[in-house]
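The block underneath contains the structure these notes are about, expressed in structure tokens.
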Amino acid sequence: MLVYTCYRANLHIYSPYIVDLYLKAGLDNITEITPSEGYVWHLRAECDDCHNVHYFFLEMTQERMYYVGDPKEAYNLVSTCVFCKKQFKAKFETGSKIISYTMAGEFQRIASFECHGMKFVDFCTRGIWTGKGIKCGTPFNKIDLTSRYWERYDKKAFKYASVYNKESCLKVREEQEQITMSVNSDV
């Protein structure tokens, strides 16, 4: 019997990808921004089978759950590739939390996703976020990051608070995950 050790990139074995979402933005007079409760994440996916990138954004929330498979497992997103009709699934990584963005001008990981049969390749920041003022902790409950620039006057600090130059980046987590296969050479 021969034993081969292979890496996921060389095989069509669909062990899950862990994809980390990084955000970078300029923050003036604001200490942090966080997706609001019930935030709808807009993500674009690439199919593992046909490698086509979907032209529309998929919507995913932490509250919405779908139970798929045998035994039933919970996912936040279940969809089908529009090109090859293969089903794929995704969920927020077990044990990870949504992290507030606090590092103005630098990339910071804010969320992690476990993807089966696809991987996320693009993120759109549309939707409502929340934030806190830098001096007095003034809450900003409706930060709309759809536009390039958001600005409001902080009445307690007597300054404008703004979010601008936002960028996002999705990275497949590089783990030395090895898949060991046993092949019977007697055939």
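Because the structure is predicted, anything quoted here is derived from the model rather than measured.
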Nearest 0.5 Å, what's the NE2-CG distance between His54 and Leu43?
12.5 Å
Please report the shortest heavy-atom distance between Trp129 and Pro35, naming the atom on each side.
CE3-N, 3.4 Å
Worked check of side chain to side chain contact (heavy atoms under 4.5 Å, CB included) between Tyr55 and Val53
CA-CA 6 Å; Tyr55 47 84; Val53 176; over 6 Å; no
By ring-ring contact (aromatic ring centres under 6.0 Å, His included), Tyr101 pairs with (sequence neighbours left out) none
Side chains of Trp41 and Leu77, heavy atoms from C-beta outward: is any pair under 4.5 Å?
no
Remaining members of Ile99's ILVMFWY cluster at a side-chain heavy-atom cut-off under 4.5 Å?
none
Between CD on residue Gln62 and CG on residue Asn76, distance to nearest 0.5 Å
7.0 Å
Sub-3.5 Å donor-acceptor pair from the side chain of Gln108 to the main-chain atoms of Thr102, do we have one?
yes
Under 4.5 Å side-chain heavy-atom separation, chaining through any Ile, Leu, Val, Met, Phe, Trp or Tyr, what else clusters with Val78? Say none if it is isolated.
Tyr66, Val68, Tyr75
Taking all non-hydrogen atoms of both residues into account, name the closest pair between Ile98 and Ala111 and its distance.
CD1-CB, 3.9 Å
Do Glu167 and Leu23 have side chains that get closer than 4.5 Å, going by heavy atoms?
no
Sequence neighbours left out, cut at 3.5 Å: what donor-acceptor pairs do the side chains of residues 135-143 make with other protein atoms?
unit_1	atom_1	unit_2	atom_2	d
Thr138	OG1	Asp154	OD1	2.7
Thr138	OG1	Asp154	OD2	3.3

Could you list the cluster mates of Phe57? Members are the ILVMFWY residues connected by side-chain heavy atoms closer than 4.5 Å, either directly or through other members.
none
For residues 156-166, which residue pairs qualify under side-chain hydrogen bond (donor to acceptor under 3.5 Å, both in side chains), counting only residues two or more places apart or in two chains?
Asp28-Tyr164
Looking only at heavy atoms, which two atoms of Phe113 and Met60 are closest? And how far apart?
CD2-CE, 3.6 Å
Minimum heavy-atom separation for Val82 to Phe56, with atom names?
CG1-CE2, 3.6 Å
His42 side chain to Val40 main-chain N or O, any donor-acceptor pair under 3.5 Å?
yes
Excluding sequence neighbours, so at least two apart, what forms side-chain hydrogen bond (donor to acceptor under 3.5 Å, both in side chains) with Asp20?
Ser112, Arg173
Considering residues at least two apart in sequence or located in another chain, which fulfil the side-chain hydrogen bond (donor to acceptor under 3.5 Å, both in side chains) criterion with Asn52?
none
Rounded to the nearest 0.5 Å, what separates atom NZ in Lys132 from atom OG1 in Thr31?
6.5 Å
Applying salt bridge (Lys or Arg N to Asp or Glu O under 4.0 Å), which residue pairs with at least one partner in residues 33-46 are found, sequence neighbours left out?
Arg44-Asp122
To the nearest 0.5 Å, atom CE of Met118 lies from atom CG of Leu58 at 6.5 Å
The reported gap from CZ in Arg126 to OG in Ser147 (rounded to nearest 0.5 angstrom) is 13.5 Å
Smallest heavy-atom separation, Thr61 atom then Gly38 atom, equals CG2-O, 4.4 Å
Looking only at heavy atoms, the pair that brings Ser168 and Leu21 closest together is CB-CD1, 4.2 Å
For Lys91, what residues pass the side-chain hydrogen bond (donor to acceptor under 3.5 Å, both in side chains) criterion, not counting sequence neighbours?
Glu73
ILVMFWY clustering at 4.5 Å (side-chain atoms), partners of Tyr22:
Phe107
Who passes side-chain hydrogen bond (donor to acceptor under 3.5 Å, both in side chains) against Thr130, sequence neighbours left out?
none
State plainly whether one hydrophobic cluster holds both Ile134 and Ile30, where clusters connect Ile, Leu, Val, Met, Phe, Trp and Tyr through side-chain heavy atoms under 4.5 angstrom apart.
no
Rounded to the nearest 0.5 angstrom, the SG-CZ distance for Cys47 and Phe88 is 7.0 Å
Verify the cluster assignment for Ile33 and Tyr153: are they in a single hydrophobic cluster under the rule of side-chain heavy atoms below 4.5 Å apart?
no
